[in-house]
Amino acid sequence: MTGLIAFREIVLKVHSRCDLACDHCYVYEHADQSWRARPKVISPEVIAQTASRLAEHARTHALPSVTVILHGGEPLLAGTARLRLVCEEFTRALDGVAALDLRMHTNGLQLSRRYLDLFAEFGVSVSVSLDGDRAANDRHRRFADGRTSHPLVLAAVDLLRTEPYRHLYQGLLCTIDVANDPVAVLDALVELAPPRVDFLLPHATWQTPPVRPDEAPDTYARWLLRVFDHWDRRGRPVPVRLFDSLFSTLAGGPSLTESLGLAPTDLVVVETDGNLEQVDSLKSAFEGAAATGFNVFDHAFDLVAAHPGVRARQLGLAGVSDACRRCPVVRSCGGGLYTHRYKAGSDEPSGSEAPGNFDNPSVYCTDLRELVDGVEGRTSASASAPELSDPAELAGSQEQLTRDLLALLNDRRTGDSDWERAWRVLGAVERAGQAGADALDAVLAHPFTRTWVMACLEPGQEGPDAARAARRLTALAAAAVLRGGLDLPAEVVYRDGEVYLPTLGLLRLGEPGTEGRATLHAADGGYAVREEGRPEHRFGPAAGDARWQPVRTWSPGPDAAPVALEDLDPHRNCFARPPRLRLGAGEAEEWRERLDAAWALLHASVPEFARAAATGLTTLTPLAGGPRARGWGEAGRHGPGALGVPYAAGVAETALALLTGRRRAGLQALTEVADLYALDGEWQHPSPWRERPVPVSRLLADVHERVAVEAYRRATATAEPGGLDRINRALDRLSEAAELTSTGKRLVEQLRWELKTVDA
């Protein structure tokens, strides 16, 4: 059974009849009429055996929790005694195996205090079916003699909303009828203050398509978008799962409902006779569509998971039709509900179980496309990550990410005395007022702090490397103390006679090969070090000590913050090529001169791109060797703000390296804190610059660099023929890429705007 999905949710049919005669009900009014042969109420034997099978399944797959939805027909018709037995059996079977989440879907007509007292005892949450105001609800939800059910449902919901039952109120289920007023429907539902509203498309297939009074292919989309607009104007007063699911997938997250998205289904249905079936909505397709041939007495749930019909709904992108795979909104709509894709083959009788009969777009295809596009168009500006357009937001998110990763590393490194001592010093620095907070921010913003943390978090970095990690943390804490000018002792552990203090410099404390400890603290505008058996020694900016080698800096302009020329940090080896060895004083000055000239060239040729390149640049590291074929700069792995530039490159090559390297680093920093795409690699896209198709991440990175390169080459009269056309083709491809999130699409729009300015 390797590779089979685990069922985390079962729908338990506790009663197979209903006290309403809703004409849109898929159980009684659609193709499958198997309910007629089912027992009316679930038996104690089926209850006990189902609970045992679920516990077995949860134990086999080590599931932390399982959900059981009590369903029908109308589940309340089973009565309190039978429902108590269900709650007791499942609670007993799952005790010590997995957490149990009991739920019920009901029309509410029978709901009373005796039921709710039982549900409160076992924590059964309740969702009620209601199609809106009285006019909307009466359109379908009537008794067999035509009487309205609306007042009784409202009374049930009112009771559910009162104490001590309010915590059981899970939400309202509303089946859409486009003949109803969407504004009135939403207002009626919101008035009942549900924890959540589920809008459900009426079950339909290509054989029995949905009602479209205006015969338009987007009728349901327009209805739902009117609901969305009114819901949005009202300040989104209640969660709506359909809209929340779209928000999630448009941002790169998972779908939140079975009816949308590519998430595999993890649900199985148990009928009143113990038969195990696929998702209930399949009853709309044809007689026996949901059947598996299995039952709880003779078969484990894993056998159902291996059923071809169930497996077909586990395939994600591979499980949708070819037309859907080519659609840019497939991540959000997921091809629609599996049932809604059904179409009998032209040479097959209606009801054939051939898998190809579900290999179609949804019968609501146009509606889903218009709905996704409509919600995205209405929300893309506000839904895009602020880091995309605000450098301060990007810097803040990057700093928080480093803090979170360091905290994670601390959780894994408890028990080492040097580590714990340094961690306490960091805490004292953070509590030491604004000077301490600023100093800590500075050392955490140092690009190679992140590089070090990520290296320590890699699998297998335990044992001897714990001492190395502790040495770096002691140096980090000491650097924060010194930067803040704080009267705090910070002990460092050094090796090979030296300790690197991030953002400050390199302090030699002994001969090569020696190890030891020293205590550092701030002293009279400088720094001081104490070692056992030695007098206190001053070093730092004004000390003129040969044992102290400060980090050199370079200024990219009169108004720009200094940039560190980092050739000391042992963790700077995070680029595609190795860093150059420490620069001599003359070499450093020569490099500054080349950087000055390269920066002047950028400002003269592409001033807008040059200003953008300076934003967020904190550290330059000289790399070994000269420029490669393209002469482009390199962003460091996990080093926000760092850039590697070939030391031996000339002025023009250095200018191009600064420009392209910053573009790479900026995109990398953005992708670390914002989702630009999802399912990267599921599609392959033709690239104008590569022989083989590439994933969307590579194509986006190529375009992001090439826009700046094209601007530079045009300004310096070195442009290649067809450069703009190639970039435009790539942008067109990206615009139709299903992987891009709302933020990713906004980035593509920004690149188009940049390219227009280049062309102008």
Side-chain angles (χ1 to χ4, degrees), residues 402 405-430 432 436 439-440 442-444 446 448-458 460-484 486-523 526-540 543 545-551 566 568-573 582:
T402 299
L405 292 169
L406 186 57
L408 176 62
L409 181 58
N410 178 62
D411 291 341
R412 296 184 181 182
R413 295 288 174 176
T414 54
D416 184 285
S417 58
D418 288 328
W419 179 278
E420 292 180 353
R421 189 181 304 111
W423 191 261
R424 288 195 295 271
V425 172
L426 286 175
V429 171
E430 190 162 35
L440 183 57
V443 294
L444 292 182
H446 179 54
F448 305 130
T449 296
R450 172 85 63 79
T451 305
W452 159 70
V453 172
M454 293 301 296
C456 292
L457 288 172
E458 288 180 359
Q461 297 301 310
E462 302 293 339
D465 286 303
R468 182 182 179 189
R471 283 198 302 273
R472 178 71 179 205
L473 191 71
T474 65
L476 195 75
V481 166
L482 299 183
R483 287 189 67 97
L486 305 177
D487 187 20
L488 290 173
E491 185 176 78
V492 295
V493 181
Y494 65 86
R495 187 178 183 183
D496 202 26
E498 62 186 27
V499 59
Y500 171 77
L501 302 172
T503 75
L504 294 178
L506 187 74
L507 178 63
R508 179 157 292 281
L509 294 167
E511 296 300 319
T514 60
E515 299 181 2
R517 295 172 182 271
T519 301
L520 308 183
H521 65 93
Y527 318 136
V529 55
R530 291 196 305 268
E531 293 183 83
E532 187 174 350
R534 296 184 183 182
E536 182 172 280
H537 179 78
R538 299 294 178 93
F539 69 99
D545 184 2
R547 294 190 297 174
W548 171 244
Q549 187 173 350
V551 172
E566 184 57 83
L568 300 174
D569 194 325
H571 288 275
R572 70 189 186 280
N573 188 13
R582 298 172 186 173

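- For the residue pair Ala518 and Leu509, the shortest heavy atom distance occurs at CB-CD1, 4.0 Å.
- His571 is linked by a side-chain hydrogen bond (donor to acceptor under 3.5 Å, both in side chains) to nothing, counting only residues two or more places apart in sequence or in another chain.
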(message) Go through it in stages, so that I can follow the logic: the residues are Phe539 and Leu482, the test is side chain to side chain contact (heavy atoms under 4.5 Å, CB included), and I'd like the CA-CA distance, side-chain angles, deciding distance and then a yes or no.
(response) CA-CA 11 Å; Phe539 69 99; Leu482 299 183; 4.1 Å; yes

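- Of all the heavy atoms in Leu486 and Gly436, the pair that sits closest is CD1-CA, 4.1 Å.
- Taking the side chain as every heavy atom from C-beta outward, Val492 and Leu507 never approach each other to under 4.5 Å.
- When all heavy atoms of Val429 and Ala480 are compared, the pair lying nearest together is CG1-CB, 4.0 Å.
- Partners of Tyr500 under the side-chain hydrogen bond (donor to acceptor under 3.5 Å, both in side chains) rule, at least two apart in sequence or in another chain, are Glu566.
- Judged as a side-chain contact (heavy atoms from CB on, under 4.5 Å), and not counting sequence neighbours, the contacts of Arg508 are Glu498, Pro512, Arg547.
- In this view, Glu491 and Asp418, Arg421, Arg517, Thr519 satisfy the side-chain contact (heavy atoms from CB on, under 4.5 Å) rule, not counting sequence neighbours.
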(request) Show your reasoning for whether side chain to side chain contact (heavy atoms under 4.5 Å, CB included) applies to Leu504 and Tyr527. (result) CA-CA 11 Å; Leu504 294 178; Tyr527 318 136; 3.7 Å; yes

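- Residues satisfying the side-chain contact (heavy atoms from CB on, under 4.5 Å) criterion with Ala442, sequence neighbours excluded, are Arg483.
- For Trp419, the side-chain hydrogen bond (donor to acceptor under 3.5 Å, both in side chains) criterion is met by Asn410, not counting sequence neighbours.
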(message) I'd like to know whether His521 forms a side chain to side chain contact (heavy atoms under 4.5 Å, CB included) with Arg530, so could you lay out the CA-CA distance, the side-chain angles of the two residues, the decisive distance to 0.1 Å, and finally the verdict.
(response) CA-CA 9 Å; His521 65 93; Arg530 291 196 305 268; 3.1 Å; yes

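- Minimum interatomic distance between His446 and Thr503 (heavy atoms only, all atoms of both residues): CB-CG2, 3.6 Å.
- The shortest non-hydrogen separation linking Ala478 to Ala490 is CA-CB, 3.7 Å.
- In terms of heavy-atom proximity, Ala469 sits nearest to Cys456 at CB-SG, 3.7 Å.
- Tested against Trp452 for a side chain to side chain contact (heavy atoms under 4.5 Å, CB included), the candidates Leu457, Leu409, Asp569 yield a single pass: Leu409.
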